Each structure stands twice: as structure tokens, then as C-alpha cells.
Amino acid sequence: MTASKLMSESEAIDRFVEDGDSVYVGYTSAAYGLCQAIVRAGKRDLEAIGGSVGPQGSYLFLSGCANLVRSGYVAAALRPGIVQDMMEDGSLKFEDYSNQAIALMLMAGALGIPFIPTRSFLGTDYLRAEYQEHPGGFLGDKKWAQMESPFDGQKFVALPALRPDVAVLHAQRADEDGNVQAWGHMGDAKWAYWAAKKVIVSVEEIVPHEVLASDPGRTVVPGFRVAAVVHMPYGAHPSGCSGYYDFDYGFQARTSTRITGSREAWQAFADEWIYGVRDRAGYIAHLREVFGQDALDGIRADAGQTPAGGVRYGYASQLRFRM
Amino acid sequence: MTASKLMSESEAIDRFVEDGDSVYVGYTSAAYGLCQAIVRAGKRDLEAIGGSVGPQGSYLFLSGCANLVRSGYVAAALRPGIVQDMMEDGSLKFEDYSNQAIALMLMAGALGIPFIPTRSFLGTDYLRAEYQEHPGGFLGDKKWAQMESPFDGQKFVALPALRPDVAVLHAQRADEDGNVQAWGHMGDAKWAYWAAKKVIVSVEEIVPHEVLASDPGRTVVPGFRVAAVVHMPYGAHPSGCSGYYDFDYGFQARTSTRITGSREAWQAFADEWIYGVRDRAGYIAHLREVFGQDALDGIRADAGQTPAGGVRYGYASQLRFRM
Amino acid sequence: MTHAEDYTLAELMCVVAARSFPAKGVVMLGMGLPVLAGTLAKLMHAPGISLCTEVGAFDWTPPEGLTRAPIGIHDMLLNDGSAMVSDMVDALGTLLMGGNVDLGVLGAAQVDRMGNLNTLVLGDYRQPERRLGGTGGNTEIACLARSLLTMMPQERRRFVERVDFNTSPCYITGPGSRRQAGLQPSGPNRVVSTFGVFGFDTPDGGETGSCEMVLEAVFPNMDPDIVKLETGWNLRIADEVSELEPPTVEEIALLRRLDPHGFYLVPGRY
Amino acid sequence: MTHAEDYTLAELMCVVAARSFPAKGVVMLGMGLPVLAGTLAKLMHAPGISLCTEVGAFDWTPPEGLTRAPIGIHDMLLNDGSAMVSDMVDALGTLLMGGNVDLGVLGAAQVDRMGNLNTLVLGDYRQPERRLGGTGGNTEIACLARSLLTMMPQERRRFVERVDFNTSPCYITGPGSRRQAGLQPSGPNRVVSTFGVFGFDTPDGGETGSCEMVLEAVFPNMDPDIVKLETGWNLRIADEVSELEPPTVEEIALLRRLDPHGFYLVPGRY
């Protein structure tokens, strides 16, 4: 009924990511393939957003595509290296929140309310007056506000609603209309699907609409909120996708976790695994070339459970109104 | 591992509903059987809560068990009769909200935050100063507050968090530990499961824990938040339960929708269908006696869909950390 | 396309409302006749719309072999054919308040000159002549949907100068009042009654213009003066009032097939 | 029950932490060693606890044939054996902020005399000596769980008089300061290090008492004076310091089976 939203990763990024956009980069639904496509497209002045920003988000600032990050955890800043340097020299501005804060702020954005109260942050140094203007920050006094409840005077922290310009996420399956189904623990993905102004989803499988409609409780976002769907097997690699493949710790050890140590290490990684391939299919082909089919066999999701117990969404086809 | 939470409806009500409690009575997860058990137990001074309060909630105030109602819609007040009279003569105090308001207030209660902003109600007469003290109301000036966002001055209405003392809900299935699974559109049930201090759930089926754990994304509340589980087939009748049976409009036409017309009509209904039976099993047996097996066959959920398309929650049993 | 010969005013209202749906967009259906009109629209006039309900059905496509329109917004058959099912916070919060609903379709007990609705009380709120069931999700749909389609039997006691209680704001007291209240613009809005179709005199969703209701089209053989008689204020009539195309045989047949139990269109109800 | 002969201090810390879990209650596991200790506790010492993670696993029971403890809080194997899986708002909002978490288990870069943690920066926040990864969910778990179990290698640079940046408040600046900040009482709280176990001097969750950390038990053959040497303030020692039972062969064997890849306990890491 609606035009298909299925497109290539490069088309999705070209059409729906603009220079200057704030980009939710995922966490448990880490969109590695889409983030690499953004780097390949050479977008500029982006902001990376996520409760926790993993390596895929760091690609955006390591490559110079992003110069802002709003997060509760930046994995690449955990150890000395380029990212810590960037945060020090001002080439990467940052706002420190927490996982709960980002999740709630996305929820507030999705709900269309101006802010959301939290009782977290009370008693912390985050709220100290002298830290409210941080040389590395970019939000100034719009970052949070301390308030009291109009009903009982209870103290709380107001977190501003967050509506990323675009969210890139990876999920298990979708149909061509952009209806997306995902399962397993979801992190802050659910609310990102609803908070972002534009949603780009890469999925392991494209399935007929009837498959999704047979179990609509599994749908996390309806197609009318999704701008683009990209069919991208292994789109989360070297992160995992429940039911398909697990985290590739071997690959991470060899590549991702070391890439922030030096500019040379980053460049070598990017040249081989981002710029050196055309798209995610090329990336996976290269993975096979370098490590053999074993690279994929080794992360196959061979354990875990399938739903048992019948579920039926049923109603009566004929009703009686009078007895 | 934990003690079973499975018990009879009378034990659940005796142990977990106290005089003076506020009681969420369900909407799409209408707990008709549990509400009738509350009436049978003769609890007093209750408050009925629900985005929309259907006949099952009205049983509480028609019977004299409840004298307060907080809701966006009271079905029994739609037409002249006892409930309109009670709202006029003060024997039923009420607070007028809306479906969105009650759902958001339950969410705020579940989230442990003091209030939740909404942009609904702006521009309505609900907020008119002269209506803030209503002779039929009971919340006074703690009902809502008009505020402005600390970030952009945007106007909003603050709704206070709502934590019912107890929630009674009906769902498709649970295990003995009180882990509950439900599917189909959920109304405000999801947040009631988490907002209420005590949760009592009646279910169509008790299943082994393994069935639920095989598809944990379908679980709506974990057992540690549930006080009691009651195995109660047809516990939502004459409302429906997706996958099991549909609304019994015939029964409703004959009984429920007429019961608020007069004290006599209510008493006749209550004597036959509430006080005249021992429990929900007795109610269903009586339904069969009066209307024949056809009463149940006629509402059987014979149409609808079962999930197609394989779902697997998988991971790799063995991981490689180095390549 | 043959015109039907025999139909009630309520049926006519449903058919005209169904024809008024946009070709696409996200639609939230309120309680009552909007569900029937929305189902008819989706099946016949506007297959591209995404029908949603406040209890949590998203983008419902009537399944093959549909035996009835949903009875109320909570009919379990809405799970069959929906792209997603979830809950009320997702529907009335995330979807609606989040700004995703293009059109809300509503009924009420009263509508007034500025399009505001009343679902709560007749008379003074503190000493009402009569309580009603309550607003349900009507309030938020009126506050937050981008545009509104209201279905209302044409009766003088229902079309009033000013609603007894404004549960569901349209243009409130006139130009600028939505903005002053903190609401976004609303429109273009429409009222479909059992006599005709009304628009509102505002080019920009309530900021300028008089914002009052204007009769734009009448049902077959209906005189605008009769509409005025069943309207509780001095109703403005558009310079050109068109006469609506009568319902077709197909529309009436489908409508009746969708209401096999007379839940919506039982004679005398409207 | 035979005592193990060969184990590292990090292994000892995990075993002692696992033994410190309550018999039941809802537990939220922070990043790092808490996941390993929590898995060990659930399997061996406290089968009645309900393990939860901030990404959305609720009440996880390790499945039969478990080949590893979860690697991080986001390991997909946490979907296998959980009674419910959902998302971060449900876990850190509904579950945690809603008041349902009895115990939070945390690690950090620094802990101070009042039990506060730091996960964000070393040195001054505006001109840090070193940035760290960030707090993740550590802040809210410290603010909102009813009690805390902190796991921390015993090093003078980590046990500091006052954390460089208080990301995760325990007793903040002493008695009454949680209440003044708007937080609920917290406790009884415990810190398990590579040298011993610490409690806090407060009978009521931070309202009275000095609220400072007190050494209550030491690891086998550990002298309290050594603990003082690796603590950055004048550490208070309980009147009676007990010596902890050494780990058993079974505990160490299971612990190692749970970390087959050396993700947690690779030598030299702690």
C-alpha cells in the first residue's frame, strides 16, 4: 500500500542523515554497519547520542564526522588514547549524563513532553554549581534543572526531552513498509525508535508483512515512523544480534578495542574495514577473506531458546448480542 | 525456588485487599472475577481506579464497597441511574481525569517520579480555577498543577504519580511464581502492573515457568512484583481475553448494562451472579445452567492469528576471544 | 456507481465522514461511530491511512473475511491485522502526544461554534443537569492531533453556542486561543453531522480568522435553513454550499455488512 | 568443604562478594566483576535472588549447561533463563527508580570514606588528569537501590578520603546528607575489596552515626594494618575484625568455569 522503504545503506544515509544532525547510535541494538556507512559518506558536524556509546558511535568522532557526544558512557574514553585527547583538546565536546538519563530523555522526547523528572543525580557532583559550565560541554544551562514537586515538595532533577534528528538501529527483522520487530533485552532502543525524527533500521531479515502481523506484540515501531529499512545481514557485527550471532570478541580484540590507541591504529582500521569496503556486504566478504568462514561460524547463535507454549490472538468471528 | 503464589480468589482478596485500599480495576485486562470476589468479601471504603472504569469497577461502588472513583470514563455513569445518583448525592466521590492522564499517572507511579508532564488538558475547562474545588471531588488541589518547562517555558500540566494500593488484572497466563504473560492491546494494564503496591492477577492458564522463560519478551511483570496468582478460566467474562474468548455482548445486554438502572436491578443481578455463587467457577457453572454450554461456545475465539515466522533468542555457547 | 435509494441519516453521516478521510496519514479513532466510519474509509476510500486506537492497536488493516467493524476501540479483532499492538501510553502518549497523529476522529455530546467538544456533563460542572460517561481519550485527541474530524448528529441541543464544559478543545474562544493555552495549531478541521459538512474559518489552524464553524456542504435535499434551525447559534453559511453526492449502493451495503449486530446504526439511536 | 589452596586476590574478592549476597531480593548487577560475582552467588550461595541488568533482563536464572558467566550486562545469554526481558526504562526507571531493587552491586574507579563512588574522571572535573568511560547506570543504582555492595581492588589510589567526582552517592558527606539531597536511606551497605570487607557506621541508612567506612573482616592472613596502608585516609577498624573463611575448592572451580575466556580474572587485571 505504501511505497517500499527498503533501500541500500548508502541511499538511506544519503537521504536521511544530514550534516549537523544528532544521531542516536544504538547500544544493545548497535548499528555498526550503518555507522560505518555514515563515516563512508563523510557526513560532518554530527552529534553522537546513546546511553552508552560503543565503538560504532566512536567511529563517528574518530573519523571527524561528529564533534559532539551526549552519553552516560563512552567506551572509547575508558583508556588513554585519541578519544581522551579529543575530549581534552576540545575537538570532541561532550555532555555527561547516565544510562538512565539518556533512556528517560529519549522517552520524554518520544512522549512529546518538555522534560522528565528523575530522582537520580541527587547527591552527586554532576549537579554542583561550579560544574554547570564545563569547558568541554555544549549544552550550558539547558542540561538539567533541579526542581521540587508541586504536589509534595519532593526534590527531583528535570531532564530535558531528547529528540535526535536521526536514529540508526539494528534489529532482527522488518517488512518493506518499515514495521520492525526486535526481541531480547532492548536497552534504550525502544524509546529511540519513537524519539528520533528520522529512523533508519538495518535488519537481518526482510520478511513479508504477514509474518509481522501474525505477532504484532513483537513489533517495536510501526512503519509509518520509519524512514528507511536496510537489509543488512551481520549489520551489528562485531556486536551481536539475538538469535543470529553473538559478539565477536575475537574481532573486537584484534581491531575495535585497539583502534583508539593511536591515530595510526585508527587509520589502519578505518582504511581496511570502513573505507576499504563498499558496504556491509563487502565488509563481511572481507571478514571471510581475512579470517575464513570460521569467523562467522564461530559466532553463530547455537544456544538459546525458541518460544514454547502456544500463543494466539483470537476473537470470535460471530457474536451474539441477545440471548 | 520461591513459595508458590497460586491461591484461590477468596484467599487472594482476603490477604491482599484491605478496607480503604485504592484498587486499579483494569480496562482491557478487566478482572471481572476478582472484582466480584472483592464485592463478595464485603471490603469497604475502597477507591476504584482506571483509565476507563467498566462494569466490573462499578460493582465496587454499586455494592457499597467503594465510595471513590478516579477515572477518565465511568461507563455506568453514561446513562441516568444509580451511579449518576450516587455522584450527585455524594455517596460516590469522583475525580475526572482522562484515559491518557490515568495511564501516564500510573507510569509516573511505576517510575517512582513525583509527577509526569502532559500537554493534554491545556485549553480545557478541567483547568478552570473555579472548578478546582468540586463538591463531588476528593483530591482538592493535588489533582494537577499548571507549570512551565524550566528549559523553554513551554506550558504543561503536571499530573501526580498514582500508586494504587492494589491492582486486580486478568491475563492470559502465568506461572506459580507470579510471572505473567499477556498479549494483545494492553490499555493501561502494563503500567498498573508496575505502579500498584500489590498486584493480584487472575489468569486463564497456569503454565510451567519454562514456557514463560522460553519467550521472556512476552512477560509483562516478573513474579517478584506479584502478590497472588489466581487460576481463573473465564475470569474476564463478560469482557474478553484475546486467544480465549470474546466479549459476551449477549450476557452484557441481559445483565450488566441494565444493572445500573435501578437499585432493584442491581440487587437482582448481584444476588444471582455475585452473592449467589461461591467463586468464578460457580459463576461459570451458573452461566452454563442458565444459558447452556452454548453461552461459552458462542464466545469462543475461533478467529484470529497465531505467530508465524520463527523467533529465537540465541547466543553462542562457545566464544573465541582471540583469532 | 449507483446511488443507494434507502438509507438513514446516521448511515449517510458515516459514509460522508468516511469519504472525508485523507488519502494517507495516521488516524486515531475515538469511541463510537468513528470506529465504523474509519473501517469503512480504510476498506473503500482511503486504504493508505494508518488506523490506530488508544488502547494500543497501530496501523490496523481489516483482515480478510472481516465479519464486523470493531465494536468499540477495544474489540480484540483489532489485534488481527495490526502492524503493532502495544498499550495506552504508547498510543496516547508516544504516538499522539509525540506528534504522530495526523487526524483524530471524535464524537461527543456537544459541539460548539468554535468546534470544542463536551463529553463530561450537561449543565454546570459543579451542579450538572446530567453527568455523562466521561472523556476517555477524547480530550487528548482534541488537544494533540494535528486535525480533527467530528461526527455529530445535527440537533440544536448538541450544536451549541458554547459547550457546557470544554473537555476537548478545538479553537476554544477564537483566534490565538490555542496558542495562548499552550497548544499547537489544529486543522483543517471538519464536522460531519446528519445534515451536512462544516469547516472552520481559519487559514492557519486557529491563529487568525474568526475560527467559527461554517456550513460548507449539505446532504442531498437538505436546505441550509433547516441546518440553521438545528444549530444553537446564528450559523454561518459558506458563499457556495455544495450538495453532497448521495451514498452509493456499495457504500451502504458495506456499511451494513460492517454492523451486522446493529451496534452502531440501530434505528432511533441517532 | 575443602579450602582451595591456590587463588588470586581478585578471585577471593569475587567469592567473598558472592557470599555477601542476601538470600533473596531483587539485585541489579553493575558492569564488570559484579556480573561474575552475581552469577556465582545465584548458582551457589543465594539461589533465591532475582538478578537483573540495566539493559532489561529481569530475574535471570543461569540456564542448564551454562558455559560462561555473562560477559558484561549486555551478554545475549541473559535472555536465556530470564523471567522477563524488556528495556532500560523498565530496568533503570520502573524497576530501580520505582523502588523495587533491594541491592545494587557496583564497581568503580574510586570509593571514599563515606562509600561514594567515582566512575567519571580522575582529578578536577573541568581539567581532569584522566577521563574514564563514564558512569553508565552506576549513578542511579547508587542513588536508588535500597542497599549497595561495592567491589573494589584495595589500592590507596582507589580508596580515597573523598572521591574526585561523586558520580554515585552513598553517604555523601555524612549523616543526614542523603536526606538533604532528596535521597532515601541506603543500607546496610558493604564494600568488598581484595583485602577485606567493610561496613559503614550508621544504624539507619545514613541518618545518624558517622557514616564512615569500617573494616569488619579481613581475608585469610591479612593484617588490618596492611589494609590501612592501602587506604587513603585513617581507616577505622572494627573492635572485632574477623578473618574470612577461605574460598572452597568448589567456589574457585565454579568461578573459573564461569570465566573460561579470562574476561574477568585475567592475571594482572586487578
Side-chain angles (χ1 to χ4, degrees), chain A residues 27-28 51-53 71-80 83-84 87-88 96-104 106-107 118-126 128 130-131 133-136 154-156 183-191 239-243 246-247 249 301 303-305, chain D residues 31 53-57 63 65 67 71-72 74-82 85-93 96-97 116 118-120 125-128 130-140 142-144 163-169 172 177-178 180-184 261 263:
Chain A
Y27 175 16
T28 55
S52 288
V53 166
S71 177
Y73 184 77
V74 180
L78 187 60
R79 293 188 172 75
V83 175
Q84 283 190 7
M87 291 168 104
E88 198 173 317
D96 291 311
Y97 283 104
S98 70
N99 283 350
Q100 189 210 48
I102 296 288
L104 290 175
L106 290 169
M107 185 173 79
T118 180
R119 293 190 293 115
S120 186
F121 291 110
L122 295 169
T124 69
D125 284 345
Y126 289 98
R128 281 172 65 177
E130 65 268 37
Y131 291 165
E133 290 288 339
H134 189 289
Q154 194 183 132
K155 289 182 186 177
F156 68 91
W183 52 90
H185 47 231
M186 289 285 288
D188 47 20
K190 170 184 165 167
W191 293 101
S239 183
C241 186
S242 183
D246 211 320
F247 288 66
Y249 293 99
Q305 77 274 34
Chain D
M31 294 189 293
T53 68
E54 65 192 53
V55 295
T67 55
I71 295 176
H74 53 275
D75 192 322
M76 297 184 310
L77 75 74
L78 285 160
N79 296 315
D80 191 6
S82 283
V85 297
S86 182
D87 72 3
M88 192 171 267
V89 164
D90 281 348
L92 289 177
L96 176 66
M97 191 156 54
N116 307 301
N118 174 20
T119 57
L120 188 63
Y125 179 46
R126 286 156 303 185
Q127 288 187 299
R130 200 187 136 186
R131 285 277 307 183
L132 305 167
T135 197
N138 203 291
T139 293
E140 27 272 1
C143 287
L144 300 164
V163 285
D164 291 346
F165 188 102
N166 185 355
T167 55
S168 312
I172 315 178
S177 56
R178 277 187 75 90
Q180 284 155 28
L183 295 171
Q184 295 293 309
H261 309 291
F263 179 83

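Keep in mind the model is a prediction, meaning the values are calculated, not measured. Per chain, numbering begins at 1; letters A, B, ... match sequence-line order.
- Heavy-atom pairs under 4.5 Å with chain D peak, among Asp125(A), Leu106(A), Thr28(A), Leu78(A), at Asp125(A).
- Ranked by heavy-atom pairs under 4.5 Å with chain D, the first of Ile102(A), Val83(A), Val74(A) is Val74(A).
- By number of non-hydrogen pairs under 4.5 angstrom with chain A, the leading residue of Leu77(D), Leu78(D), Asp75(D) is Asp75(D).
- Heavy atoms of Leu96(D) lying under 4.5 Å from chain A are absent altogether.
- Looking at Gln184(D), only its side chain comes within 4.5 Å of chain A, counting heavy atoms on both sides.
- The heavy-atom pair separating Gln84(A) from Arg131(D) by the smallest distance is NE2-O, 2.8 Å.
- Looking only at distances, no side-chain donor or acceptor of His185(A) sits under 3.5 Å from a matching main-chain atom of Asn79(D).
- Taking the six-membered ring where tryptophan is involved, the planes of Phe165(D) and Tyr126(A) are perpendicular, since the angle between them exceeds 60° and thus also 30°.
- Chain D forms the most heavy-atom pairs under 4.5 Å with one residue out of His134(A), Arg128(A), Met107(A), and that residue is His134(A).
- Neither the backbone nor the side chain of Phe156(A) comes within contact range of chain D; no heavy atom of the residue lies under 4.5 Å from a heavy atom of that chain.
- Using a 4.5 Å cut-off between heavy atoms, Gln100(A) contacts chain D through both its backbone and its side chain.
- The contact between Glu54(D) and chain A is made entirely by side chain atoms (from C-beta outward), counting heavy-atom distances below 4.5 Å.
- Ranked by heavy-atom pairs under 4.5 Å with chain A, the first of Gly93(D), Gly56(D), Ser168(D), Ser86(D) is Ser86(D).
- No donor-acceptor pair closer than 3.5 Å links the side chain of Lys155(A) to the backbone N or O of Leu183(D).
- The closest side-chain donor-acceptor pair between Ser98(A) and Thr139(D), if any, does not fall under 3.5 angstrom.
- The nearest pair of heavy atoms linking Trp191(A) to Ala103(A) is CB-O, 4.3 Å.
- Per-residue heavy-atom pair counts under 4.5 Å with chain A were compared for Gln180(D), Met76(D), Arg178(D), Gln127(D), and the maximum is reached by Met76(D).
- When each of Cys241(A), Ala101(A), Ser239(A) is scored by its heavy-atom pairs under 4.5 Å with chain D, the top score falls to Cys241(A).
- Distance OH/Tyr27(A) to NE2/His74(D): 7.0 Å, rounded to 0.5 Å.
- Taking NZ from Lys190(A) and CG from Asp87(D), the interatomic distance works out to 6.0 Å, rounded to the nearest 0.5 Å.
- Options Gly182(D), Ala181(D), Ser82(D), Gly136(D) differ in how many heavy-atom pairs under 4.5 Å they form with chain A, and the most are formed by Gly136(D).
- Of the possible donor and acceptor atoms, one in the side chain of Thr53(D) sits under 3.5 Å from a partner among the backbone N and O of Ala57(D).
- Remark: the Asp164(D) side chain and the Tyr125(D) side chain contain no N/O donor-acceptor pair separated by less than 3.5 Å.
- Of the listed residues (Val89(D), Asp90(D), Asn118(D)), the greatest number of heavy-atom pairs within a distance under 4.5 Å of chain A belongs to Val89(D).
- For Ile172(D), the part sitting under 4.5 Å from any heavy atom of chain A is the side chain, from C-beta outward, and nothing else.
- When the candidates Val53(A), Leu104(A), Asp246(A) are compared by the number of heavy-atom contacts under 4.5 Å with chain D, Asp246(A) comes out ahead.
- Using modelled atom types and a 3.5 Å distance limit, the side chains of Asn138(D) and Thr167(D) yield no donor-acceptor pair.
- Proximity to chain D (any heavy atom under 4.5 Å) is shown, for Ser71(A), by neither the backbone nor the side chain.
- Proximity of a side-chain donor or acceptor of Arg126(D) to a complementary backbone N or O of Pro135(A) within less than 3.5 Å is not detected.
- Listed options Thr135(D), Asn116(D), Thr119(D) were ranked by heavy-atom pairs under 4.5 angstrom with chain A; first place goes to Thr135(D).
- Between chain D and the options Glu133(A), Glu130(A), Gln154(A), the largest number of non-hydrogen pairs under 4.5 Å is found for Glu130(A).
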